[in-house]
Amino acid sequence: DTEVTQTPKHLVMGMTNKKSLKCEQHMGHRAMYWYKQKAKKPPELMFVYSYEKLSINESVPSRFSPECPNSSLLNLHLHALQPEDSALYLCASSQVSRTANEKLFFGSGTQLSVL
Amino acid sequence: AQSVTQPDIHITVSEGASLELRCNYSYGATPYLFWYVQSPGQGLQLLLKYFSGDTLVQGIKGFEAEFKRSQSSFNLRKPSVHWSDAAEYFCALTSGGSYIPTFGRGTSLIVHP
């Protein structure tokens, strides 16, 4: 199994809603990532978990709250989002390697629209 | 600091024509270089990667890339483009100091029939 599975594929939410994005992988990867991607732009790193611990937070607003319940699952909890948060949210995973030569495996993303 | 530059925002080619997408990098030592492809509404998929050794790297879907240290480049090539190759292409770099990739801004490939 070389897949990263993200649910839901599409999500429409109001600015007062609370929702969660889910990501799952069964490749034994111990690094998991959340990226935000606007149309025609490269992915922007939001969070990195390494061995289920948050290792990188790229100064993301607190209305985005990541969670890594176990080595296979990664969640992104959303609350009080703004319309400018509308984007494709991508999850990725990789081996943790000291040589930095590991590729990322990406999910298909969740297309989020905030009304 | 490391950086990746993809100078072309859009490239348009005819189906069956050859393709070259440019990527230049800035890093003090030898980087690890990647090319990813993203179809509309999808995640990124790795096409190929370079770590060391042979500077001509073969990837999936008939793509290849050549690492040229003297030019700080890692250009992606394909001898004959298919309509299904229309997508966004991202060059990325990691280094001994960080496994988090630095992405270029992407090049959008348009294929005319």
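Below, chain A is the first sequence line, B the second, and so on; all start at residue 1. Note: hydrogens, waters and symmetry copies are ignored here, and every other heavy atom, side chains too, is used.
Contacts from residues 81-94 of chain A to chain B, taken as heavy-atom pairs separated by less than 4.5 Å, involve A:Leu88, A:Leu90 in sequence order. Contacts from residues 54-70 of chain A to chain B, taken as heavy-atom pairs separated by less than 4.5 Å, involve A:Ser55, A:Ile56 in sequence order.
Contact annotation for B:Gln6: neither backbone nor side-chain heavy atoms come within less than 4.5 Å of a heavy atom of chain A. Looking at B:Gln42, both its backbone and its side chain come within 4.5 Å of chain A, counting heavy atoms on both sides. Only the side chain of A:Gln37 comes within contact range of chain B, with heavy atoms under 4.5 Å apart. Using a 4.5 Å cut-off between heavy atoms, A:Lys9 does not touch chain B at all. With a threshold of 4.5 angstrom between heavy atoms, B:Tyr36 approaches chain A through side-chain atoms but not through N, CA, C or O. Only the side chain of A:Tyr33 comes within less than 4.5 Å of a heavy atom in chain B; its backbone stays farther off. Contact annotation for B:Leu44: both backbone and side-chain heavy atoms come within less than 4.5 Å of a heavy atom of chain A. When heavy atoms are compared at a cutoff of 4.5 Å, A:Lys103 approaches chain B by way of both its backbone and its side chain.
Follow the hydrophobic side-chain contacts under 4.5 Å out from A:Met46 and you never reach A:Phe106; the two are in separate clusters. Residue B:Tyr50 is grouped with residue B:Tyr89 when hydrophobic side chains (ILVMFWY) are merged at heavy-atom distances under 4.5 angstrom, including chains of intermediate members. Linking Ile, Leu, Val, Met, Phe, Trp and Tyr residues whenever their side-chain heavy atoms come within less than 4.5 Å places B:Leu21 and B:Val57 in a single cluster. Connection of A:Leu45 to A:Leu76 is not established within any shared hydrophobic cluster, with ILVMFWY side chains joined at heavy-atom distances below 4.5 Å, either directly or through further cluster members. Put simply, A:Phe47 and A:Met32 are part of the same group of oily side chains (I, L, V, M, F, W, Y) that touch within less than 4.5 Å, one to the next.
Here the closest heavy-atom approach between residue A:Pro42 and residue B:Phe103 is recorded as CB-CB, 4.0 Å.
Side-chain contact between A:Lys40 and B:Glu88: present, with at least one pair of heavy atoms (C-beta onward) separated by less than 4.5 Å. At a threshold of 4.5 Å between non-hydrogen side-chain atoms, the residues A:Leu104 and B:Leu46 do not count as touching.
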